[in-house]
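In what follows, chains are A, B, ... by sequence order, proteins preceding strands, each numbered from 1.
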Amino acid sequence: MSDETSTAEVTGKKSRNFIEEAIDQDLREGRYKEVVTRFPPEPNGFLHVGHAKSIILNSGIAKEYGGTFHMRFDDTNPTKEKSEFMDSIVEDVKWLGADFGGKIYYASDYFDKMYECAVLLIKKGLAYASDLSADQIRETRGTLTEAGTNDPNRERPVDESLQIFSDMKAGKYNDGEMVLRAKIDMASPNINMRDPILYRVAHIPHARTGDKWCIYPMYDFAHPIEDAIEGISHSLCTLEFEDHRPLYDWVVNNTDWENPPRQIEFAKMYLKNIVTGKRYIKKLVENGIVDGWDDPRIVSIAGLRRRGFTPESIRKFVELSGISKSNAVSDYAMLEYCIREDLKSQAPRIFAVLDPVKLVIDNYPEGQTEELLVQNNVENPGMGSRKVPFSRELYIEREDFMEVPPAKYRRLYPGNEVRLMNAYYVTCTSCEKDADGHVTLIHCTYDPATRGGDSPDGRKVKGTIHWVEAGSAIPVKARLYENIVDEEKGVYDENGELNLNPNSMTVMNAYVEPSLSEAKVYDRFQFVRNGFFVVDSKDSAPGSPVFNRIVSLKSSYKLPTQA
RNA sequence: UGGGCCUUCGCCAAGCGGUAAGGCACAGGAUUUUGAUUCCUGCAUUCGCCGGUUCGAAUCCGGCAGGCCCAGCCA
């Protein structure tokens, strides 16, 4: 049932995006009988939110039209690819819930067919072998405003190109000595059409084909063929490939496919003030600012997962952001909204005091402990009811007490009465401070008649604060994150150095209520007032679990001192 | 500068010649044993700019401006 939900949401949308409209038309006109899409990452790094958009779009379109979605590695360049990325990529795609039927496709499986296609192009007089150097090819390509000049090899006889191409495959040429070029138009205003290189020589073993090949196809040649072989109907990619579409079509139209695929481009997604650049993140990793590509502060899929985002929240985010052709920079607030929306109805509640200060109830019997029923999830009682111990000494949040309160402050201050959530009304009597003036202990008295948090005489209290019983509380580390870098403040400083922000994580020595152990079946909790947390599956150690804060709850009252 | 694409509220984004949807954010108010949630309410006389066509234009035409992408034997 939950599986059907996303489909219903997609098909139930009032307006269709431009990709859906194009597909609708193709289907209506009988151009394709079924919809087949694909996600074709190069295995050269970790997936980030931008990839999530592509994964969710492509798999979502396939599902919406009752078609098929392919997971394919575009592993055509062994010099840049590492097979160790493949596992994490597949894991991320699965985690996001994209259904690729368990089958993984590899571009490298098509090398034979691609070779055949290249031979076909040569035979048609549409490709030729060239011995120009990389420099010469660049120099004769022309510029943005000037046409290129023809390759001296351009009119090489078909038989000769065929022989050279065969020799290239046989390893008779060194890297860079020979390439296969398409014969299109050196004067084309579209630089991609100026006799693009189809094959290059690279004597590098491939992770999957070993040393079978020493020539590898270029993206512009390989990709359309990969799509055509797999019967992809709609090849959805990002905007920077718009200029490549004429070439995509050229390849597919000249290599004899009965029903060639169609490329449609959409805009990438960026997050405002969030740095996603690989180069920058690499620097953060290398400098030990973060502990890897899955650090919760990084918006990689793995990082978001560790931070506590759910697949549903990311899908919701992509859906909410929409698909268009304009460069979109989404607010991080939208992502936070999505995770709040997903979690608020299903996350179990738990008390946690992040920045503890001790509270002693002077008129509470020494040595006495009682169990109180705590139920602070009104909408979903099953998710928040548990028994929590209570005694004379508690921890409360440091910010929940102020010796000299600002206006409108409604929590604890000398002389004020507040409710300890689900426990008792307490009135602050005094506080103790150390030499530096930091509050070390807060004294109060309680009203035994207010057990459970209601007063029989009906008197109201302005504030309600959460607490944890000092003797039984479990010490935990709570990590609060700032988003890595604010681009408005500058990724680079005035010296041109990367501006690394080492203060992006704060570790708090926090306490949570002992019922944590019972609630542990869930990995996400809503902590009272402080937001949503997740137990970090990677860093959590027995005895002192590590919590990552996913997102703060909204707060309409900020302390004046925080401004 | 040649080519391609883009430009609707702070951010996404509908709109496809008939007189500016929605979401996020924000701001008020109500309810609240989480300053959360929920619940109402408000939030573009205007669609990058200038002209034109039309009874009527964000939508069509012309011009201009701004942004992004392309000169890898990367993808």
Any [X] side-chain nitrogen or oxygen under 4.0 Å from OP1 or OP2 of [N]:
{"X": "A/S330", "N": "B/C11", "value": "no"}
{"X": "A/R349", "N": "B/A36", "value": "no"}
{"X": "A/R141", "N": "B/G2", "value": "no"}
{"X": "A/K344", "N": "B/U38", "value": "yes"}
{"X": "A/Y219", "N": "B/C74", "value": "no"}
{"X": "A/T76", "N": "B/A75", "value": "yes"}
{"X": "A/S326", "N": "B/A13", "value": "yes"}

Test for a donor-acceptor pair under 3.5 Å between the base of [N] and the side chain of [X], counting only N and O atoms.
{"X": "A/R245", "N": "B/G4", "answer": "no"}
{"X": "A/R340", "N": "B/U37", "answer": "no"}
{"X": "A/D243", "N": "B/G3", "answer": "yes"}
{"X": "A/D331", "N": "B/G10", "answer": "yes"}

- prompt: Taking the nucleotide of RNA chain B with the closest heavy atom to each, which residue, A/G453 or A/G176, is nearer the 5' end?
  reply: A/G453

query: Does A/S130 or A/A267 map to a spot on RNA chain B nearer the 5' end, using the closest nucleotide for each?
result: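 Looking at the nearest nucleotide for each, A/A267 comes out on the 5' side.
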
Counting side-chain heavy atoms from C-beta on, which of [options] comes nearest to [X]?
{"X": "A/K554", "options": "B/U37, B/C74, B/A13", "result": "B/U37"}
{"X": "A/L144", "options": "B/A71, B/C5, B/A75", "result": "B/A71"}
{"X": "A/P189", "options": "B/C12, B/G2, B/C74", "result": "B/G2"}
{"X": "A/K325", "options": "B/G15, B/C5, B/G23", "result": "B/C5"}
{"X": "A/Y337", "options": "B/G23, B/A13, B/C69", "result": "B/G23"}
{"X": "A/N77", "options": "B/C16, B/C6, B/A75", "result": "B/A75"}
{"X": "A/M218", "options": "B/C24, B/G2, B/C74", "result": "B/C74"}
{"X": "A/R529", "options": "B/A75, B/G15, B/G35", "result": "B/G35"}

For the [atom1] atoms, the ones on [N] and on [M], what distance do you get once it is rounded to whole angstrom?
{"N": "B/G72", "M": "B/G63", "atom1": "P", "value": "32 Å"}
{"N": "B/U8", "M": "B/A58", "atom1": "C1'", "value": "7 Å"}
{"N": "B/C74", "M": "B/G66", "atom1": "C1'", "value": "30 Å"}
{"N": "B/G62", "M": "B/C6", "atom1": "P", "value": "15 Å"}
{"N": "B/U45", "M": "B/U34", "atom1": "C1'", "value": "43 Å"}
{"N": "B/C68", "M": "B/U59", "atom1": "C1'", "value": "24 Å"}

message: Just confirming the chi classification of B/G72, syn or anti, using 90° around 0 as the syn window.
response: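 You should classify B/G72 as syn.
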
Which part of the nucleic acid does [X] contact within heavy-atom distance under 4.0 Å: base, sugar-phosphate only, or nothing?
{"X": "A/M269", "value": "nothing"}
{"X": "A/R194", "value": "nothing"}
{"X": "A/Q136", "value": "nothing"}
{"X": "A/Y199", "value": "nothing"}
{"X": "A/L132", "value": "base"}
{"X": "A/T79", "value": "nothing"}
{"X": "A/H223", "value": "nothing"}

Can you tell me how the ring of [X] sits relative to the ring of [Y], calling it parallel under 30°, perpendicular over 60° and tilted otherwise?
{"X": "A/Y424", "Y": "A/F390", "answer": "tilted"}
{"X": "A/Y511", "Y": "A/Y395", "answer": "parallel"}
{"X": "A/Y216", "Y": "A/H206", "answer": "parallel"}

- request: Please find out if less than 6.0 Å separates the ring center of A/F241 from that of A/H223.
  value: no

- prompt: Does B/U34 have a Watson-Crick or wobble mate here (both distances under 3.5 Å), and if so which one?
  reply: none

For A/N192 against A/L247, the heavy-atom pair lying closest together: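 Shortest heavy-atom separation between A/N192 and A/L247 comes out as O-CD2, 3.5 Å.
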
Inter-residue atom distance A/Y115.OH - A/Y199.OH, 0.5 Å rounding: 8.5 Å

message: Under a 3.5 Å threshold, yes or no: a donor from one side chain and an acceptor from the other, between A/Y337 and A/D331?
response: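 No, because no side-chain N or O of A/Y337 sits under 3.5 Å from a partner of the opposite role on A/D331.
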
